[in-house]
Amino acid sequence: MSAPIYECRSMYGFGVCIAIFTVIVTDSGSRAFSQIARVGSLGLSWCFFVFCFVYGNALTEQQRYTEFRIEMVLSALDSLNLLSTENEMTLQISGTIGMSPIIENMPQYQNTVLNRLVRTTFAGDAWIWNQYYFLHYYDLTNYNYVESADVGAEDLTILYDGYYETIYGDESNILIELKEYE
């Protein structure tokens, strides 16, 4: 209890426990207490119901933003003719896309459980822009993804500098540096 868990499954489990508890409370005690408990139970159920939809919409929006950012990178790579190359290229991605501006500006998002849940799902250290989705869903077979390469941004030339990303490269290495905006 000193360090609450904000993982999705634990929050759903917590909601189920509270729902069971409220059902038990509404069936016990006097008639007046039972009526008050039912109103409280309905209010709490409504809060959980609304939260589930807000959380689902936030996850959908973040996924839409992620796909938009991937398409922006692919568009930049295509404009540089790097998608149609026959050469094997080493690909490194640094930075994250951050959170969707729509989610960041939601009033119910600021400093709440929703904030922690969405950030844990999409912006955690293990996620880092979901390179697997980027490489395999769009079938970038000529690219070998590496976590960190011997070649950094200072060793490569800037091929593309856009609003959302900067692409560095040479004949065998590509570094995509994602820009996160707050």
> Applying the 4.5 Å side-chain criterion to the ILVMFWY set and letting contacts propagate, would Ile102 and Phe51 be lumped into a single cluster?
Replying inline: no
>> Less than 4.5 Å apart, side chain to side chain, heavy atoms only: is that true for Ile176 and Leu77?
In response: yes
> Between atom CG of Leu175 and atom CD of Gln92, what is the distance when rounded to the nearest 0.5 Å?
Replying inline: 5.0 Å
> Can you check whether Ile93 reaches Tyr145 side chain to side chain, under 4.5 Å on heavy atoms?
Replying inline: yes
>> Filter on salt bridge (Lys or Arg N to Asp or Glu O under 4.0 Å), then keep only pairs touching residues 154-166, sequence neighbours left out; what's left?
In response: Asp161-Lys179
> What's the spacing between Leu74 CG and Leu82 CG if we round to 0.5 Å?
Replying inline: 11.5 Å
> In a check of side-chain contact (heavy atoms from CB on, under 4.5 Å) between Asn173 and each of Leu156, Val146, Leu91, which one passes?
Replying inline: Leu156
> In chain order, what residues pass the ring pair (Phe, Tyr, Trp, His ring centres under 6.0 Å) check against Phe49, with sequence neighbours excluded?
Replying inline: Trp46, Phe53
> Leu178, Tyr164: one ILVMFWY side-chain cluster at the under-4.5 Å cut-off?
Replying inline: yes
> Between Thr60 and Gly56, is there a donor-acceptor pair closer than 3.5 Å when you use the side chain of the first and the backbone of the second?
Replying inline: yes
> Closest heavy-atom contact between Tyr65 and Gly98?
Replying inline: CE2-O, 4.1 Å
> With sequence neighbours left out, which residue pairs that include part of residues 46-66 fulfil the salt bridge (Lys or Arg N to Asp or Glu O under 4.0 Å) condition?
Replying inline: Glu61-Arg64
> Can you tell me how far CG of Asp78 sits from CD of Glu71, rounded to the nearest 0.5 angstrom?
Replying inline: 12.5 Å
> Taking a hydrophobic cluster as the set of Ile, Leu, Val, Met, Phe, Trp and Tyr residues connected by side-chain heavy atoms closer than 4.5 Å, whether directly or through intermediates, do Tyr143 and Leu80 fall within one such cluster?
Replying inline: yes
> Is the backbone of Tyr168 close enough, under 3.5 Å, to the side chain of Thr157 for a donor and an acceptor to pair up by distance?
Replying inline: no
>> Under a 3.5 Å threshold, yes or no: a donor from one side chain and an acceptor from the other, between Asn87 and Glu171?
In response: no
> If you group Ile, Leu, Val, Met, Phe, Trp and Tyr by side-chain heavy-atom gaps below 4.5 Å, do Tyr163 and Leu159 land in one group?
Replying inline: yes
>> So Ile97 and Gln62, do their side chains get closer than 4.5 Å, heavy atoms only?
In response: yes
>> We want to know whether Glu177 and Thr166 form a side-chain donor-acceptor pair, criterion being a heavy-atom distance below 3.5 angstrom.
In response: no
>> On a heavy-atom basis, which atom in Val54 and which in Met106 lie closest, and how many Å separate them?
In response: CG1-CE, 3.8 Å
